[in-house]
Enquirer: 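One structure is given below, represented as structure tokens, and several questions about it will come after.
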Amino acid sequence: MVETIGILGSGLIGRSWAMLFAGAGYKVRLFDIQPTQVQGALKDIETQLNELEKANLIRGSRTAKEQISLISGTSSLEECVAGALLVQECTPEFLDIKLKALKELDAVVQAPTIISSSTSTHLPSVLSKDLKNKERFIVSHPVNPPYYVKLVEIVPAPYTESWVPPKVRSIMEELGQVPVSLKKEVPGFSLNRIQYVILNEAWRQVEDGVLDVADVDKVMSEGLGPRYAFLGALEVAHLNAEGMENYCERYAPTIHSVSQTIGPIPHLLNETHKTVHKQLCDVTPLDKLQERRQWRDACLTKLSVLKQQMEAIPNKGVVSKK
């Protein structure tokens with residue numbers, strides 16, 4: 001029997017999830033309170049899948065036509081969740097909106113359906129503490145755009161039943177995503193905690209007159225980024241010396257000393273944000289943002305293809321990727 005997935009929200013993230021689940025052979029019901037939004041989303045999904053197929057970049061083993069046939073839309077929340085294996089909540093990233101949507105979802109969902117949220121900022125326990133189905137609640141936070149960036153953070157609440165995280169992880173692996181399983185909830189999860197540290201230091205360097213915006217971004221795109229596209233920060237260090245123990249022996253004092261000079265966490269909403277905004281607009285004007293996003297997605301697509309090709313090459317230095 002083909003399992004069903006409910007998608008709560010027809011925005012960009014919801015559409016990406018619908019495409020990923022359909023690519024793995026799941027029936028998908030896409031919900032939005034506005035019928036016109038549902039129809040617009042379905043049309044956009046059809047266009048995207050057909051274009052991806054033409055470019056030989058479609059995910060999964062099924063044709064675009066087969067995947068499109070698996071996705072339907074509804075403005076009935078009850079229909080969206082009926083008999084679903086999992087419902088993925090994809091409403092806007094505002095706490096009041098998410099709490100309202102989850103309360104309505106909680107009223108109609110039944111065991112053993114898993115309630116999964118795409119939130120990038122709100123703790124699972126904050127979102128689910130008042131739900132009667134909270135023991136089956138979990139966060140599955142994708143990275144935007146999830147069709148091209150495969151990481152998914154799986155974050156349980158303290159009371160999430162033990163079978164839920166591994167089940168969700170296996171589903172994400174089935175989709176071809178790359179899940180990481182947090183053992184406990186922390187503000188910002190893992191990705192944003194790391195991302196904010198990088199953003200804060202880049203901001204400080206502009207604010208302190210060390211580099212301008214274009215150059216500080218090159219430090220990532222032309223320096224750290226190419227390595228981090230294939231290796232994590234810890235393995236990069238491991239390879240930059242004779243193993244991590246040797247790396248620490250060599251560089252720990254310097255790392256500690258430099259880190260002591262890093263200033264307080266900047267508040268991004270200050271005068272510096274106007275400077276940063278202006279310099280970024282000089283590179284990418286606001287009316288060109290969508291073109292730049294499309295270029296970004298094309299780059300990510302090519303990178304994804306390259307990573308797949310590299311993963312197929314035997315690497316005798318890697319014992320296990322687990």
Side-chain angles (χ1 to χ4, degrees), residues 5-9 11-14 16-17 20-21 31 77 80-81 84-146 149-173 175 177-201 203 232-233 264-269:
I5 301 294
I7 306 290
L8 184 58
L12 295 177
I13 297 296
S16 290
W17 275 123
L20 289 168
F21 279 111
F31 168 83
L77 190 55
C80 176
V81 307
L85 170 66
L86 177 147
V87 177
Q88 187 72 30
E89 174 270 315
C90 305
T91 58
E93 196 65 25
F94 297 100
L95 182 59
D96 57 340
I97 293 176
K98 287 194 177 292
L99 290 176
K100 182 177 183 295
L102 288 168
K103 182 179 180 181
E104 293 171 354
L105 174 60
D106 189 47
V108 296
V109 77
Q110 296 181 3
T113 298
I114 298 167
I115 302 174
S116 175
S117 174
S118 298
T119 184
S120 62
T121 57
H122 302 299
L123 291 175
S125 60
V126 172
L127 291 176
S128 62
K129 60 184 176 66
D130 295 326
L131 303 182
K132 68 177 189 294
N133 292 285
K134 65 181 183 180
E135 71 279 357
R136 297 190 314 282
F137 182 90
I138 197 164
V139 164
S140 302
H141 169 227
V143 182
N144 193 34
V149 183
K150 296 182 177 180
L151 186 78
V152 180
E153 295 181 291
I154 300 174
V155 191
Y159 39 73
T160 302
E161 290 185 350
S162 61
W163 65 271
V164 175
K167 177 62 177 177
V168 173
R169 184 181 180 112
S170 70
I171 293 171
M172 293 302 149
E173 290 172 341
L175 303 188
Q177 299 301 91
V178 178
V180 293
S181 300
L182 276 68
K183 297 177 182 178
K184 60 181 180 180
E185 61 175 20
V186 291
F189 313 145
S190 176
L191 183 140
N192 276 327
R193 291 177 75 92
I194 293 171
Q195 180 173 233
Y196 293 163
V197 170
I198 294 170
L199 182 59
N200 284 336
E201 179 55 26
W203 195 271
I265 299 171
H267 194 299
L268 270 57
L269 197 59

Enquirer: To the nearest 0.5 Å, how far apart are CD1 in Ile5 and OG1 in Thr113?
Expert: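 Here the interatomic distance stands at 9.0 Å.
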Enquirer: When rounded to the nearest 0.5 angstrom, what is the spacing between CD in Glu89 and OG1 in Thr119?
Expert: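 One finds 7.0 Å between CD of Glu89 and OG1 of Thr119.
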Enquirer: Can you establish whether the number of heavy atoms outside Lys132 located under 6.0 Å from its atom NZ is more than 12?
Expert: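 Atom NZ in Lys132 is crowded, with more than 12 foreign heavy atoms closer than 6.0 Å.
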Enquirer: Could you pull out all residues at least two apart from Val126 that satisfy side-chain contact (heavy atoms from CB on, under 4.5 Å)?
Expert: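 Counting only residues at least two positions away or on another chain, Val126 forms a side-chain contact (heavy atoms from CB on, under 4.5 Å) with Leu95, Leu123.
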Enquirer: For the atom pair CG (Leu199) and CD1 (Ile194), what is the distance rounded to the nearest 0.5 Å?
Expert: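 Between Leu199 CG and Ile194 CD1, I get 14.0 Å after rounding to 0.5 Å.
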Enquirer: So, does Tyr159 use its side chain to make a donor-acceptor pair with the main chain of Lys129 at under 3.5 Å?
Expert: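 Yes.
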Enquirer: Might you point out which heavy atoms bring Cys80 and Phe31 nearest each other, and give the distance in Å?
Expert: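 In this case the closest contact between Cys80 and Phe31 is SG-CB, 3.6 Å.
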Enquirer: Using 0.5 Å steps for rounding, measure from the CG atom of Leu86 to the CD1 atom of Ile171.
Expert: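 Going from CG on Leu86 over to CD1 on Ile171, the span is 5.5 Å.
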Enquirer: Are Leu127 and Lys98 close enough that some pair of their side-chain heavy atoms sits under 4.5 Å apart?
Expert: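 They are in side-chain contact.
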Enquirer: Are the side chain of Glu185 and the backbone N or O of Ser125 linked by a donor-acceptor pair below 3.5 Å?
Expert: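 The answer is yes, because a donor-acceptor pair under 3.5 Å joins these two groups.
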Enquirer: Tell me, do Ser120 and Asn192 make a side-chain contact under 4.5 Å, heavy atoms counted?
Expert: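 With C-beta onward as the side chain, the pair touches.
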Enquirer: For Leu191, is there any backbone N or O sitting under 3.5 Å from a side-chain donor or acceptor partner on Glu153?
Expert: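 A pair under 3.5 Å: yes.
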Enquirer: Where do Ile138 and Pro165 come nearest, in terms of heavy atoms and distance?
Expert: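 Minimum heavy-atom separation between Ile138 and Pro165: CD1-CA, 3.7 Å.
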Enquirer: What closest approach, in Å, do Pro142 and Ile13 show between heavy atoms, and which atom pair accounts for it?
Expert: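 Distance-wise, the nearest heavy atoms are CG-CG2, 4.2 Å.
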Enquirer: Considering only heavy atoms from C-beta outward, does the side chain of Lys167 approach that of Leu85 to under 4.5 Å?
Expert: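 Yes, side chains in contact.
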Enquirer: Measuring only between side-chain heavy atoms, which start at C-beta, is His267 closer than 4.5 Å to Trp203?
Expert: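 Of all side-chain heavy-atom pairs linking Trp203 with His267, none is under 4.5 Å.
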Enquirer: Between Val155 and Val186, is a side chain to side chain contact (heavy atoms under 4.5 Å, CB included) present by the stated rule, with each step listed?
Expert: CA-CA 9 Å; Val155 191; Val186 291; over 6 Å; no
Enquirer: Within this structure, what is the OG1-CZ distance for the pair Thr121 and Phe94, rounded to the nearest 0.5 Å?
Expert: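 So the OG1 of Thr121 and the CZ of Phe94 are separated by 10.0 Å.
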Enquirer: Taking Asp106 for its side chain and Leu102 for its backbone only, find out whether a donor-acceptor pair lies under 3.5 Å.
Expert: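 Checked: no pair found.
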Enquirer: Are the side chains of Lys150 and Met172 in touch, meaning some heavy atoms are under 4.5 Å apart?
Expert: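 With C-beta onward as the side chain, the pair stays apart.
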Enquirer: Could you tell me whether the side chain of Ser117 reaches within less than 4.5 Å of the side chain of His141, counting heavy atoms only?
Expert: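 Side-chain contact under 4.5 Å: no.
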Enquirer: How close do Leu131 and Phe137 get, heavy atom to heavy atom, and via which atoms?
Expert: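 Closest approach of Leu131 to Phe137: CD1-CD1, 4.1 Å.
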Enquirer: For Ser118, is there any backbone N or O sitting under 3.5 Å from a side-chain donor or acceptor partner on Ser140?
Expert: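 No, because the side chain of Ser140 does not come within donor-acceptor range (under 3.5 Å) of the backbone of Ser118.
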Enquirer: Using a cut-off of 6.0 Å, state whether more than 12 heavy atoms not belonging to Ile97 lie near its atom CD1.
Expert: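 Enclosed: over 12 neighbouring heavy atoms sit under 6.0 Å from CD1 of Ile97.
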Enquirer: How would you list, by chain and number, every residue that makes a ring-ring contact (aromatic ring centres under 6.0 Å, His included) with Phe21, sequence neighbours excluded?
Expert: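 ring-ring contact (aromatic ring centres under 6.0 Å, His included) check on Phe21 returns Trp17, Tyr26.
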Enquirer: Looking at residues at least two apart in the chain, or sitting in another chain, which of them share a salt bridge (charged side-chain N to carboxylate O under 4.0 Å, His left out) with Glu135?
Expert: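 Partners of Glu135 by the salt bridge (charged side-chain N to carboxylate O under 4.0 Å, His left out) criterion come out as none, since no residue qualifies.
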Enquirer: Could you tell me the separation between the NZ atom of Lys134 and the OG1 atom of Thr160, rounded to the nearest 0.5 Å?
Expert: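 Nearest 0.5 Å value for the NZ-OG1 distance: 10.0 Å.
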Enquirer: Minimum heavy-atom separation for Pro156 and Pro124, please, with both atom names.
Expert: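 Closest approach of Pro156 to Pro124: O-CG, 3.9 Å.
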Enquirer: Can you tell me which residue among Val149, Val152, Val178 is in a side chain to side chain contact (heavy atoms under 4.5 Å, CB included) with Val143?
Expert: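 Testing each of Val149, Val152, Val178 against Val143, the sole residue satisfying side chain to side chain contact (heavy atoms under 4.5 Å, CB included) is Val149.
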Enquirer: Quick one: are Pro146 and Leu20 in side-chain contact, heavy atoms under 4.5 Å?
Expert: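 Side chain of Pro146 against side chain of Leu20, heavy atoms only: contact under 4.5 Å found.
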Enquirer: Do Ile7 and Gln88 come within less than 4.5 Å of each other through their side chains, counting heavy atoms only?
Expert: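 Yes, at least one pair of side-chain atoms sits under 4.5 Å.
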